[in-house]
Amino acid sequence: MTLPSVPETLFAAFSDPEAGWSMGSFGAIAEFHHVAGDPAPHLPGDGVVTARGAVRLDHPDRIRPVAWEALSPRPDRWQQGVALCLPAEDAAMSQRAVLTEIGPDSGAIRPEDRDSVLFDMGLDQPQVDFCIRTADPALLKVLRANLGRPVMDPENPAMAAILGAHPHRVALSRIGRIEVYQPIGGPDTGGASPIGPHTHVLPKLLRARRSHSANMPIPEGLVPVAGFHPASAIMDPLGRDRDFDRGIFDAFQRLLVAWGDAENVSVKRQVWQALAQGLRPSQLREPDARAARVAFRVALRQAGRRDGESEQLLAWRAAFDRELAPADDDAPGH
């Protein structure tokens with residue numbers, strides 16, 4: 001099988017209104033999603049720009065893609081995505097632990113933002129410099145008065161100023177950046193993040209300094225520095241149910257075969273073959289490895305959406321589709 005080209009696949013996805021992107025760590029992440037009804041985005045060749053945010057990939061040839069599937073908290077769903085990885089030694093960013101002024105953002109995606117000043121928030125994450133960008137004199141004054149201090153310090157007024165001013169957020173990695181121009185989800189927005197591009201900064205998760213969720217099967221030695229979230233066959237970009245789309249499903253399964261774990265792909269094929277042959281649950285042994293057991297269960301859920309529920313499938317689900325561990329939220333990028 002000819003493997004899909006990583007740059008060609010990712011650049012083609014920029015024009016897909018249902019594709020999403022994320023960049024960050026486990027606890028500090030920027031997400032980019034199209035919003036239905038918005039004007040057509042600008043596609044500069046290495047990214048996509050809208051009035052709400054932008055994403056750019058600078059070195060797609062360096063990316064090692066890892067396609068994955070995981071369980072959803074809902075028994076009729078599963079999660080999916082492609083982790084865009086680098087070797088651990090190539091993924092590390094500056095890991096600043098205090099608020100730091102970087103200077104004018106000469107690398108900004110839009111020319112009009114290149115004179116605004118970039119500040120690293122100092123979140124000390126392995127594979128992302130999580131920044132804010134502003135030209136607001138009042139915010140600049142507060143930020144510059146508190147350089148060298150942890151931004152999460154309750155005595156530091158910088159975070160309150162940031163939440164009140166809603167500066168651009170910029171997630172920087174070794175393969176590109178995501179910029180978010182929309183307001184920060186917080187007191188001014190009723191606590192909810194806006195639809196489309198947005199950011200999450202979760203102090204409790206940040207303290208763990210983990211690069212990714214345990215539900216993502218990332219091979220040893222690789223670090224996910226960004227995420228590509230292709231369209232889902234069962235959910236729209238807002239996470240709402242949709243009728244099963246076989247074309248979208250097959251497209252991701254091709255990526256999973258090319259870029260996913262071969263053992264997990266084999267497990268899924270065995271499950272589907274057993275169902276097609278009319279076997280009973282007792283006639284197929286459940287895998288020992290946790291990741292393979294997840295693939296086993298995902299295959300059963302996918303069979304139900306693809307082929308319809310049946311008495312046979314219900315018996316298999318009753319035997320094997322049990323809760324193994326808490327699953328992540330279904331929202332793309334989480």
Side-chain angles (χ1 to χ4, degrees), residues 18-20 22 65-83 85 212-219 224 227-237 239-334:
E18 294 206 4
S22 60
V66 177
W68 56 273
E69 292 177 324
L71 294 168
S72 164
R74 290 179 46 170
D76 60 340
R77 288 184 174 188
W78 60 93
Q79 301 170 346
Q80 66 181 38
V82 179
C85 300
H212 60 281
S213 164
N215 290 338
M216 293 173 59
I218 304 300
F228 164 45
H229 309 283
S232 166
I234 57 173
M235 293 179 283
D236 71 11
R240 299 173 301 201
D241 285 325
R242 72 180 344 154
D243 292 337
F244 180 79
D245 189 307
R246 182 60 184 262
I248 291 177
F249 178 78
D250 288 345
F252 186 79
Q253 295 308 301
R254 288 191 290 271
L255 292 182
L256 193 68
V257 170
W259 295 343
D261 183 275
E263 179 181 353
N264 293 344
V265 170
S266 177
V267 165
K268 289 178 57 178
R269 286 175 174 160
Q270 292 174 36
V271 171
W272 291 339
Q273 289 171 359
L275 291 171
Q277 293 167 6
L279 301 184
R280 297 185 301 276
S282 60
Q283 293 177 277
L284 188 64
R285 182 174 177 272
E286 187 177 27
D288 294 327
R290 183 186 184 281
R293 294 199 305 273
V294 169
F296 194 105
R297 294 175 63 188
V298 167
L300 293 175
R301 296 183 183 197
Q302 291 174 338
R305 296 298 296 265
R306 184 188 64 188
D307 306 323
E309 296 289 351
S310 65
E311 291 298 324
Q312 177 204 23
L313 184 56
L314 289 173
W316 279 77
R317 296 278 293 272
F320 297 114
D321 197 1
R322 304 179 303 275
E323 191 59 52
L324 295 177
D328 286 342
D329 188 89
D330 282 334
H334 288 204

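A cation-pi arrangement, defined by a distance under 6.0 Å to the six-membered ring centre and an angle within 45 degrees of its axis, is absent between Arg297 and Trp316.
Here Gln79 contributes atom CD and His229 contributes atom NE2; the two are 10.5 Å apart, rounded to the nearest 0.5 Å. Rounded to the nearest 0.5 Å, atoms CG (Asp250) and CG (Asp245) are 9.0 Å apart. Note: Phe296 CZ to Gln270 CD = 8.5 Å, rounded to the nearest 0.5 Å. The distance from the OG atom of Ser22 to the CZ atom of Phe228 is 11.0 Å, given to the nearest 0.5 Å. Note that the OG atom of Ser232 and the CZ atom of Arg240 stand 13.0 Å from one another [nearest 0.5 Å]. Atoms CG and CZ, from Leu256 and Arg254 in turn, are 12.0 Å apart once rounded to the nearest 0.5 Å.
Contact check for Ile234 versus Phe244: side-chain heavy atoms found under the 4.5 Å cut-off. For the pair Val271/Leu300, a side-chain contact is recorded, criterion being any heavy-atom separation below 4.5 Å from C-beta on.
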Next on the checklist: Go through it in stages, so that I can follow the logic: the residues are Asp241 and Arg74, the test is salt bridge (charged side-chain N to carboxylate O under 4.0 Å, His left out), and I'd like the CA-CA distance, side-chain angles, deciding distance and then a yes or no.
Outcome noted: CA-CA 11 Å; Asp241 285 325; Arg74 290 179 46 170; 2.9 Å; yes

Item to check | Test side-chain contact (heavy atoms from CB on, under 4.5 Å) applied to Lys268 and Gln253, step by step | outcome: CA-CA 11 Å; Lys268 289 178 57 178; Gln253 295 308 301; 2.7 Å; yes

Item to check | Derivation and outcome, salt bridge (charged side-chain N to carboxylate O under 4.0 Å, His left out), residues Arg293 and Asp288 | outcome: CA-CA 7 Å; Arg293 294 199 305 273; Asp288 294 327; over 6 Å; no

Item to check | Trp68/Val82 under side-chain contact (heavy atoms from CB on, under 4.5 Å): CA gap, chis, key distance, verdict | outcome: CA-CA 6 Å; Trp68 56 273; Val82 179; 5.7 Å; no

Next on the checklist: For Arg305 and Phe249: C-alpha separation, side-chain torsions, deciding distance, then whether side-chain contact (heavy atoms from CB on, under 4.5 Å) applies.
Outcome noted: CA-CA 10 Å; Arg305 296 298 296 265; Phe249 178 78; over 6 Å; no

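Nearest heavy-atom pair across Ala303 and Leu275 is CB-CD1, 3.7 Å. Considering every non-hydrogen atom in both Ile218 and Ala83, the closest pair reads CD1-CB, 3.6 Å. Looking at every heavy atom in both residues, Glu18 comes nearest to Ala231 through OE1-CB, 3.5 Å. Taking both residues in full, the closest heavy atoms of Ala292 and Glu263 are given as CB-OE2, 4.3 Å, listed atom of the first, atom of the second, then distance. Residues Leu255 and Pro230 share a closest heavy-atom pair of CD1-CG, 4.3 Å. Considering every non-hydrogen atom in both Cys85 and Val66, the closest pair reads SG-CG2, 3.9 Å.
A salt bridge links Arg301 to Asp321: one of the charged nitrogens lies within less than 4.0 Å of a carboxylate oxygen.
Gln277 contributes no side-chain N or O that, together with a main-chain N or O of Ala274, makes up a donor-acceptor pair within less than 3.5 Å. Between the side chain of Arg246 and the backbone N or O of Arg306 there is no donor-acceptor pair closer than 3.5 Å. In terms of modelled atom types and a separation under 3.5 Å, the side chain of Arg317 and the main chain of Pro75 share a donor-acceptor contact.
Within 6.0 Å of atom CZ in Arg242, more than 12 heavy atoms from other residues, nucleotides or ligands are found, so the atom counts as buried in its surroundings.
Counted by atom type alone, Gln302 and Glu69 present one or more donor-acceptor pairs between their side chains at under 3.5 Å.
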